[in-house]
2 protein chains.
Amino acid sequence: MKRNTWQREAVREALDATEGFISAQALHSTLHASGSPIGLATVYRALGDLATSGEADSLQSPDGESLYRACTTTGHHHHLICRNCGLTVEIAADEVESWAKRVAARNGFTQAAHVVDVFGLCENCTRLAAGE
Amino acid sequence: MKRNTWQREAVREALDATEGFISAQALHSTLHASGSPIGLATVYRALGDLATSGEADSLQSPDGESLYRACTTTGHHHHLICRNCGLTVEIAADEVESWAKRVAARNGFTQAAHVVDVFGLCENCTRLAAGE
DNA sequence: ACGCTTATTGATAATGATTGTCAAAACCAG
DNA sequence: CTGGTTTTGACAATCATTATCAATAAGCGT
């Protein structure tokens with residue numbers, strides 16, 4: 001059975017309160033900083049569970065860390081991420097969903113999961129970069 | 001200055017000879033198996049260089065490893081990767097290209113790069129998994 | 001061909017994120 | 001409250017990758 005513990009709540013809340021993606025380590029630090037004695041391993045477990053149950057998104061940063069983010073929408077979706085400031089926009093992509101399925105099927109693949117993320121410079125950072 | 005060493009050549013060749021993506025560790029093992037005394041650190045360095053110079057593609061596997069692959073096509077393309085045996089199919093995706101551009105533009109993003117990879121089980125591994 | 005300067009190598013230590021372990025504590029149904 | 005399990009958390013273990021640094025070897029000028 002799945003139990004409700006304050007730890008899991010704490011992780012969920014901390015994640016909700018976070019803008020953009022955050023690493024498990026960083027989230028653990030944040031929690032500690034606000035006085036929670038939660039253990040690191042527990043944060044990993046909680047994040048893993050949230051990701052599995054679809055309540056959180058996860059992706060790999062270019063340097064190999066796993067980053068997590070609270071899902072605002074319930075469905076499956078992808079991200080548009082500013083590589084400079086970390087701003088994240090959730091994007092629905094039915095178009096891509098069906099494409100991925102089609103391509104997988106055409107090649108005999110099953111259980112297709114996909115990683116579709118767009119990195120770029122957001123409007124703001126574009127301006128900054130231009131003026132620099 | 002950039003020097004030419006047999007080690008770098010060896011890595012390039014081993015990568016060329018490999019179907020699909022391979023991890024640095026695996027490539028090192030392969031090289032060792034074929035009698036090369038090349039060091040692990042050197043394989044990492046060589047792969048990093050190849051990736052930087054655009055002679056190789058790199059991506060992160062879902063479990064955090066960095067995978068490398070010699071570029072066969074010069075153009076931009078994506079991958080369909082078997083998560084069990086590593087079989088890789090290169091897929092062109094004009095559809096996705098234009099989608100990514102459109103989405104980025106609509107949100108004010110510039111310099112959009114994207115990561116679009118589909119992981120699944122290839123025909124073969126699907127059969128194996130089913131019979132298991 | 002020779003030596004010299006300096007990039008490169010490679011064995012190993014260090015790092016850093018993540019996962020495994022397992023006894024103690026917490027949860028929830030009855 | 002009590003019993004049966006799940007969950008926690010401190011810490012060890014793992015695993016990929018990076019840093020260290022003395023020894024080696026590339027490629028230049030001669």
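So that the names make sense, note that chain A is the first sequence line, chain B the second, and so on, each numbered from 1. Values below: all heavy atoms of this structure, side chains included; hydrogens, waters and symmetry mates excluded.
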- Query: If you check the A:Ser66 side chain, which of D:dT17, D:dG9, C:dT18 turns out closest?
  - Reply: C:dT18
- Query: What pair of heavy atoms forms the shortest contact from A:Leu31 to A:Ala10, and how long is it?
  - Reply: CD2-O, 3.9 Å
- Please say which of B:Thr42, B:Leu47, B:Leu40 ends up in a side chain to side chain contact (heavy atoms under 4.5 Å, CB included) with B:Tyr44. B:Leu40
- What are the two closest heavy atoms between B:Val43 and B:Ala24, and how far apart are they? CG1-O, 3.8 Å
- What integer distance in Å separates A:Ile22:CD1 from C:dA17:C1'? 15 Å
- Please list, chain by chain and in numerical order, all residues satisfying side chain to side chain contact (heavy atoms under 4.5 Å, CB included) with A:Glu9, sequence neighbours excluded. A:Arg12, A:Glu13
- Once you round it to whole Å, what is the distance between C1' of D:dA16 and CD of A:Glu65? 14 Å
Shorter than 3.5 Å, N or O on both sides, protein versus nucleotides 1-4 of chain C: list them out with atom names.
none

- Message: Restricting to side-chain hydrogen bond (donor to acceptor under 3.5 Å, both in side chains), what partner residues turn up for B:Thr52, sequence neighbours left out?
- Response: none
- Sorted by number, residues from residues 40-47 of chain B placing a heavy atom under 4.0 Å from DNA chain C are B:Ala41, B:Thr42, B:Arg45
- Query: Tell me, which of residues 27-37 of chain B have any heavy atom that sits under 4.0 Å from an atom in DNA chain D?
  - Reply: none
- Partner residues of B:Ser53 under the side-chain hydrogen bond (donor to acceptor under 3.5 Å, both in side chains) criterion, sequence neighbours left out: B:Glu55
- Quantified as the angle between the terminal helix axes (five pairs each), what is the overall bend of the helix from C:dA1-D:dT30 to C:dG30-D:dC1 to 10 degrees? 40°
- Would you please name every residue forming a side chain to side chain contact (heavy atoms under 4.5 Å, CB included) with B:Ser23, sequence neighbours left out? B:Gln25, B:Ala26, B:Glu65, B:Leu67
- Item | Between C:dC27 (C1') and A:Glu9 (CD): distance, integer Å | 14 Å
- Query: Does A:Gln7 put a side-chain nitrogen or oxygen below 4.0 Å from OP1 or OP2 of D:dG9?
  - Reply: yes
- Residues that B:Arg102 engages under side chain to side chain contact (heavy atoms under 4.5 Å, CB included), provided they are two or more places apart: A:Glu95, B:Ser98, B:Trp99, B:Arg106
- Distance in angstrom units between A:Arg8 CZ and C:dC28 P, rounded: 10 Å
- Message: Taking the side chain as everything from C-beta on, heavy atoms only, tell me whether A:Ser58 gets closer than 4.5 Å to A:Phe21.
- Response: no
- Any side-chain heavy atom of B:Leu50 within less than 4.5 Å of one from B:Tyr68? no
- Would you say B:His28's side chain and B:Ile38's backbone share a donor-acceptor pair under 3.5 angstrom? yes
- Message: Going by the rule side chain to side chain contact (heavy atoms under 4.5 Å, CB included), which residues pair with A:Thr18 if we only count those two or more places apart in sequence or in a different chain?
- Response: A:Ile22, A:Leu27
- Provide the full list of salt bridge (Lys or Arg N to Asp or Glu O under 4.0 Å) pairs with a residue in residues 24-51 of chain B, sequence neighbours left out, each pair given once. B:Lys2-B:Asp49, B:Arg8-B:Asp49
- Task: Take nucleotides 22-30 of chain D nucleotide by nucleotide from the 5' end and write B, S or -, depending on whether a protein heavy atom sits under 4.0 Å from the base, only from the sugar-phosphate, or from neither.
- Result: ---BBS---
- Task: Heavy atoms only: give me the nearest B:Ala70-B:Asp16 pair and the separation to one decimal.
- Result: CB-OD1, 3.3 Å
